[in-house]
Amino acid sequence: MSVDRDNWAGTVRYRAPRIVAPGTLAEAQRLVASSSKVRALGTRHSFNRLPDTEGVLLHLGELPADPVIDTGAMTVTVGGGTRYGVLARHLEERGLALHNLGSLPHISVAGAISTGTHGSGDRLGSLSSAVRGLQFIGPSGDLVDVRAGDPGFEGMVVGLGAFGPITRVTLAVQPSYRMRQDAYLNLPWQRLMDDLDGVTGAAYSVSLLTTWTAPAIQHVWVKSLLDQPIVTAEQLGAAPALRETPDNMNPFGVEGPWCACLPHFRLDRVPSLGAEIQTEYLLPRDRAVEALGTLREIGRLIDPVLEISELRTVAADGLWLSPAFGRDSLAIHFTFRRDPDGVAQVLPVIEARLLPLGARPHWGKLFDAGADALGPLYPRMDDWRDLQRAYDPEGKFGNRFIERHVTGPRSG
Ligand SMILES: Cc1cc2nc3c(=O)[nH]c(=O)nc-3n(C[C@H](O)[C@H](O)[C@H](O)COP(=O)(O)OP(=O)(O)OC[C@H]3O[C@@H](n4cnc5c(N)ncnc54)[C@H](O)[C@@H]3O)c2cc1C
């Protein structure tokens with residue numbers, strides 16, 4: 001099978017001399033053992049050079065998903081290249097569920113958890129926070145199994161692909177649940193700034209979509225559990241939505257299983273816009289209102305290159321490189337136009353405002369900050385660097401992106 005050389009949005013062309021989709025695990029292990037530089041490639045939905053390598057790029061999407069449910073432990077173990085939408089359908093058919101999903105079900109499980117991908121929900125950790133075990137192909141080509149509680153496990157989950165290709169992922173599951181998704185319009189900015197907690201805590205999962213010069217938050221997507229009261233537009237201080245659900249989105253105003261309500265986009269349609277660049281920063285909740293205020297001050301700079309921003313919440317976790325490590329967070333996302341020059345001008349301005357407030361960038365999206373600026377934002381960063389170096393002393397699974405943004409140049 002040939003694998004596309006460009007990322008999903010067409011904004012990055014991978015430079016790896018070889019991109020291979022092995023048909024068997026043994027073939028994948030042989031490729032890792034015999035190559036000096038290897039990285040894994042998921043469904044190519046990231047927006048930077050994090051996946052890239054000067055050697056072999058391995059896409060594991062051709063290996064079987066083979067989901068194995070353990071009802072005693074309440075876990076499922078699945079092939080790392082499996083897409084969330086495929087896994088979600090399998091679980092729902094068996095009365096099971098995940099705690100949350102990202103906005104799109106098209107991404108691979110291993111690719112998503114490796115970057116700290118998240119949905120929204122004040123009490124919901126990132127998708128990575130559900131990981132209970134991982135199987136990697138280690139530098140020698142042998143399989144390496146790690147489980148929650150093992151030394152270093154919390155460093156390996158949001159691993160940026162730097163511990164080798166993940167072949168199997170074990171995730172926590174729970175009984176299936178039903179939800180309803182409602183869309184409201186025009187939430188006044190002042191209402192949000194006065195009571196951010198009240199708005200984002202109004203339902204199981206709340207997403208707010210806006211530009212920065214708009215007089216109000218344009219869309220509020222409220223995903224509610226059916227066994228809890230559903231907040232109305234009036235209670236929230238917004239207006240009810242009048243429009244139809246776009247064709248590529250899960251329907252509004254309709255009850256359904258968790259997997260048909262949590263992702264914004266449908267697995268059988270093209271998600272989002274396509275011609276776009278995405279960026280996102282996770283802010284500690286206690287600096288969130290300040291962060292929104294400072295971005296509104298530079299809204300005239302941001303909006304000419306912006307399609308839409310999305311505000312979501314993520315609960316704290318203990319994963320060393322997770323952007324939500326140790327703190328409940330507000331995630332501020334930007335879907336920019338596919339205008340690399342325009343975005344390159346505005347990114348440093350946004351970072352100059354947000355990094356001093358403790359913003360940590362999403363590892364899978366476009367950002368500018370280097371290792372010097374990001375290191376101090378992660379209390380376990382030195383432990384992660386030590387762990388990765390001990391695991392992969394030859395630097396087989398590293399790349400220039402990780403050196404620039406995470407570790408600094410490797411010496412010796
Ligand atoms: C339309 C769209 C919507 C999005 N919505 C969200 C969202 O709601 N929330 C959010 O947080 N992010 C979102 N993202 C970003 C996306 O979820 C992340 O970039 C995610 O990492 C992409 O997963 P992937 O399978 O495409 O991985 P890739 O982009 O292929 O790779 C990303 C990283 O994962 C590593 N990796 C991939 N497969 C493996 C493997 N088998 N073993 C080890 N490492 C591996 C790669 O080496 C690389 O470091 C969105 C992106 C798009 C395009």
Side-chain angles (χ1 to χ4, degrees), residues 3-4 6-12 14 16 19 21-22 25 28 32 38-53 57-63 78-85 100-121 126-128 134-137 156-169 205 207 221 248 262-265 269-282 307-308 310 312 314 321-324 329 331 333 335 361-367 397-399 401-402 405-406:
V3 182
D4 211 317
D6 298 328
N7 71 340
W8 169 84
T11 55
V12 175
Y14 302 119
I19 306 186
L25 177 57
V32 173
V38 184
R39 300 240 339 132
L41 184 62
T43 50
R44 300 177 290 104
H45 284 85
S46 51
F47 288 85
N48 56 36
R49 293 208 167 271
L50 180 60
D52 218 350
T53 173
L57 205 39
L58 276 190
H59 171 70
L60 299 187
E62 295 300 295
L63 300 186
V78 69
T82 309
R83 292 184 298 158
Y84 266 101
N100 206 356
L101 289 167
S103 71
L104 80 173
H106 305 68
I107 47 177
S108 77
V109 175
I113 59 114
S114 295
T115 62
T117 291
H118 59 88
S120 193
S126 70
L127 304 190
S128 318
L134 293 167
Q135 183 184 70
F136 296 90
I137 306 178
M156 296 172 91
V157 176
V158 182
L160 313 181
F163 296 90
I166 298 168
T167 52
R168 306 280 296 166
V169 183
S205 174
S207 291
W221 294 341
N248 65 351
L262 285 171
H264 303 332
F265 299 106
R269 300 284 194 284
V270 175
S272 201
L273 303 165
E276 67 194 56
I277 294 172
Q278 295 188 12
T279 288
E280 189 170 34
Y281 299 92
L282 272 73
E307 291 287 353
I308 197 81
E310 181 173 6
R312 291 179 283 182
V314 189
L321 250 53
S322 165
S329 303
H333 163 91
T335 296
H362 188 309
W363 295 114
K365 301 185 182 179
L366 196 70
F367 61 93
F397 300 134
N399 67 7
F401 183 93
I402 291 176
H405 296 282
V406 188

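Numbering of ligands and ligand atoms starts at 1, following listing order. Nothing fancy with the numbering, it's 1 onward along the sequence.
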Numbered atoms and elements of ligand 1 in range of Pro165, under 4.0 angstrom, heavy atoms: 42 (N), 43 (C)
Where ligand 1 meets Ala110 - atom numbers and elements under 4.0 angstrom, heavy-atom basis: 39 (C), 40 (C), 41 (N)
Pair listing, side-chain hydrogen bond (donor to acceptor under 3.5 Å, both in side chains) test, anchored in residues 104-116, at least two apart: Thr115-Thr117
Steps toward side chain to side chain donor-acceptor pair (under 3.5 Å) verdict (Glu310, His264): CA-CA 12 Å; Glu310 181 173 6; His264 303 332; 2.7 Å; yes
Proximity to ligand 1 by part of Arg312, non-hydrogen separation under 4.0 Å: side chain
For Ile107, atoms of ligand 1 separated by under 4.0 Å from a heavy atom: 17 (O), 22 (C), 23 (O)
Validation row: Thr167, Phe136 side chains within 4.5 angstrom (heavy atoms): no
Nitrogen or oxygen atoms of Tyr14 and ligand 1 under 3.5 Å apart: no
Flag for Glu276-Thr335: side-chain donor and acceptor within less than 3.5 Å: no
Ligand 1 atoms in contact with Leu41 (distance to a heavy atom under 4.0 Å): 30 (O), 37 (C), 38 (N)
Sub-4.0 Å atoms of ligand 1 with respect to non-hydrogen atoms of Phe47: 51 (C), 52 (C), 53 (C)
Residue part near ligand 1, for Leu160, under 4.0 Å between non-hydrogen atoms: backbone
Side chain, backbone, both or neither: Phe163 near ligand 1, heavy atoms under 4.0 Å: neither
Donor-acceptor contact present, side-chain Arg49 to main-chain Val12, <3.5 Å: no
Ring centers of Phe367, Phe401 separated by less than 6.0 Å: yes
Note, Leu134 side chain near Phe163 side chain (heavy atom, < 4.5 Å): no
Part of Thr43 within contact of ligand 1 (heavy atoms, under 4.0 Å): both
Trp363 side-chain N/O to Leu321 backbone N/O, donor-acceptor pair under 3.5 Å: yes
Arg83 (side chain) donor-acceptor with Ile107 (main chain) under 3.5 angstrom: no
Atom indices of ligand 1 within 4.0 angstrom of Ser108 heavy atoms, with elements: 25 (O)
Heavy-atom nearest option to atom 19 (O) of ligand 1, drawn from Ala112, Ser46, Ser207, Pro105: Ser46
Closest to atom 20 (C) of ligand 1 among Thr117, Val109, Leu127, Leu63 (heavy-atom distance): Thr117
Salt bridge (charged side-chain N to carboxylate O under 4.0 Å, His left out) involving Asp4 - partner list, sequence neighbours excluded: none
Contacting atoms of ligand 1, where contact means under 4.0 angstrom from a heavy atom of Arg39: 47 (O), 49 (O)
Distance filter under 4.0 Å to Gly102 heavy atoms, resulting ligand 1 atoms: 8 (O)
